[in-house]
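First up is the structure itself, then whatever we jot down about it.
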Amino acid sequence: MDPISQFNAERAADIAAMASDKELHQKSIDWMLHADKYKYTYNYTWMGRPIIKFPSDIVATQQIVWDVKPDLIIETGIAHGGSLILSASLLEMIGGDGKVLGIDIDIREHNRKEIESHPMIKRISMIEGSSTAPEVIEQVQAIASKAKRVMVFLDSLHSHEHVFNELQLYAPLVTVGSYLVLPDTFIEYFPKGYYSHNRPWDVGNNPMTAMRAFLENNDDFEIDKDLCNKLMITEAFDGYLRRVK
Ligand SMILES: C[S@@+](CC[C@H](N)C(=O)[O-])C[C@H]1O[C@@H](n2cnc3c(N)ncnc32)[C@H](O)[C@@H]1O
């Protein structure tokens with residue numbers, strides 16, 4: 001076997017073994033829960049803007065963008081803008097004129113100002129409104145209809161109902177071979193009641209449950225197990241869906 005194939009084969013074997021290691025999975029959840037005491041995912045920036053992600057998910061995003069080379073990345077949930085700027089910088093890295101479209105129900109003035117004065121704004125446009133509102137979807141569809149390779153992140157309101165509705169509206173925009181990413185599926189593995197005191201999501205009501213319901217009646221998408229199985233510490237357990245047809 002040539003050295004590259006040998007490296008790839010060894011890596012695939014390690015990932016497969018890791019995926020069946022239930023103890024490591026539980027340790028990862030325990031670590032995430034412990035680190036959440038310090039709002040771990042809020043502690044990073046990307047090109048100067050706060051990004052609410054685990055580093056492993058940032059690397060996973062880089063892998064997808066490099067492989068798929070999307071010319072449009074749609075993201076629901078902007079917050080401070082770090083993830084929009086990450087996507088825009090990855091499009092800059094691969095070259096071409098790829099663009100990022102962000103949607104948020106509430107783009108805070110201070111965040112808008114920082115995003116609009118960032119060098120990556122040349123690739124970014126934003127819509128303020130609910131990600132499932134008909135007038136928003138109309139604009140998103142018009143923009144997506146001009147793109148060849150579309151990738152989508154659904155990172156807004158993490159309740160089952162909202163994510164399920166987003167899946168119906170945004171999944172058809174993803175092009176074959178590209179990805180639909182569902183952050184915050186980890187809620188399903190956190191203790192029941194951990195979020196429900198101040199958030200409309202919980203165990204049994206989150207992006208993981210919405211994704212399972214969606215996949216029951218949709219075989220256009222598959223969980224990219226090769227990618228998901230290696231992340232371990234991730235906001236998107238089984239949340240990287242590849243459009244296969
Ligand atoms: C988890 S944050 C997004 C984090 C960002 N993608 C990142 O990685 O840095 C969630 C965002 O979703 C927005 N949001 C909540 N409900 C929404 C809705 N119905 N439509 C669009 N955005 C919504 C919130 O205002 C908030 O900014």
Side-chain angles (χ1 to χ4, degrees), residues 32 36 39-62 64-65 73-91 100-116 118 120-121 123-141 143 151-171 173 179-188 190 194-195 198-202 205-208 210 231 233-237 239-240:
M32 287 169 57
D36 195 53
K39 293 173 93 184
Y40 181 86
T41 52
Y42 286 71
N43 299 339
Y44 292 90
T45 58
W46 188 267
M47 293 181 81
R49 291 305 299 150
I51 181 166
I52 309 170
K53 285 195 186 302
F54 285 104
S56 50
D57 291 305
I58 294 175
V59 178
T61 302
Q62 172 274 139
I64 295 172
V65 172
I73 300 179
I74 301 171
E75 300 194 22
T76 67
I78 296 174
H80 303 263
S83 63
L84 290 189
I85 287 165
L86 167 67
S87 292
S89 71
L90 294 174
L91 293 177
V100 179
L101 174 61
I103 298 115
D104 200 295
I105 199 164
D106 179 17
I107 307 174
R108 306 262 166 95
E109 216 28 64
H110 58 281
N111 288 330
R112 180 186 285 281
K113 212 169 132 219
E114 294 291 335
I115 298 165
E116 287 181 345
H118 195 279
M120 283 302 121
I121 188 65
R123 290 182 181 267
I124 296 172
S125 57
M126 294 182 281
I127 301 173
E128 188 163 54
S130 176
S131 56
T132 54
E135 65 278 11
V136 170
I137 294 302
E138 211 174 288
Q139 295 176 66
V140 174
Q141 284 170 341
I143 294 169
M151 176 177 179
V152 168
F153 288 86
L154 300 178
D155 194 18
S156 65
L157 184 71
H158 301 310
S159 69
H160 177 105
E161 188 187 8
H162 186 75
V163 178
F164 188 76
N165 289 340
E166 282 189 326
L167 281 163
Q168 308 300 322
L169 296 164
Y170 288 82
L173 307 178
Y179 282 76
L180 175 67
V181 184
L182 283 170
D184 288 26
T185 52
F186 73 85
I187 298 164
E188 187 65 2
F190 268 30
Y194 187 81
Y195 287 109
N198 64 354
R199 305 281 201 181
W201 51 80
D202 200 350
N205 169 22
N206 58 63
M208 174 75 90
L231 298 175
I233 291 185
T234 172
E235 59 180 354
F237 287 94
Y240 291 87

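Every number for a ligand or one of its atoms is a count from 1 in the order of the listing. Because only heavy atoms are used, hydrogens play no part in the values below, and waters and symmetry mates are left out as well, while side chains stay in. Note that this is a predicted model, so its numbers are computed, not measured.
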Verdict with reasoning, H162 to S131, per side chain to side chain donor-acceptor pair (under 3.5 Å): CA-CA 9 Å; H162 186 75; S131 56; 2.9 Å; yes
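At least one heavy atom of G129 sits closer than 4.0 Å to an atom of ligand 1. In this structure, T76 has no heavy atom closer than 4.0 Å to ligand 1. Distances from ligand 1 to the non-hydrogen atoms of H162 include at least one value under 4.0 Å.
The protein non-hydrogen atom at the shortest distance from atom 20 (N) of ligand 1 is S131 N, 2.9 Å. Shortest contact from atom 12 (O) of ligand 1 to any protein heavy atom: S156 CA, 3.3 Å. Looking from atom 4 (C) of ligand 1 to the surrounding protein, the closest heavy atom is D155 OD2, 3.3 Å. Looking at atom 25 (O) of ligand 1, its nearest protein heavy atom turns out to be D104 OD1, 2.7 Å.
The S130 neighbourhood of ligand 1 comprises atoms 18 (C), 19 (N), 20 (N), with distances under 4.0 Å to a heavy atom of that residue. The I78 neighbourhood of ligand 1 comprises atoms 5 (C), with distances under 4.0 Å to a heavy atom of that residue. With ligand atoms numbered from 1 in the order given, ligand 1 contributes 2 (S), 3 (C), 4 (C), 27 (O) to contacts under 4.0 Å with heavy atoms of A79.
For the residue pair N205 and S159, no side-chain donor N or O sits within less than 3.5 Å of a side-chain acceptor on the partner. In summary, the side chains of T41 and E235 do not present any donor paired with an acceptor at a separation below 3.5 Å, with no hydrogens or angles considered.
Ring pair Y195/F190 is parallel by interplanar angle, where below 30° counts as parallel and above 60° as perpendicular.
None of Y40, Y44, Y42, F237 except one satisfies the ring-ring contact (aromatic ring centres under 6.0 Å, His included) rule with F54; the exception is Y40.
Selection from I51, D184, I127, I105 by nearest heavy atom to atom 17 (C) of ligand 1 gives I105.
Polar contact with ligand 1: present for I52 (N/O pair, distance under 3.5 Å). Residue-to-ligand polar distances keep H158 apart from ligand 1: every N/O pair is separated by 3.5 Å or more.
Here OG of S89 is found 8.0 Å from NE2 of H118. Values are rounded to the nearest 0.5 Å.
The number of heavy atoms from other shown groups lying within 6.0 Å of CD (E161) does not exceed 12.
Taking the side chain as every heavy atom from C-beta outward, L84 and M126 approach each other to under 4.5 Å.
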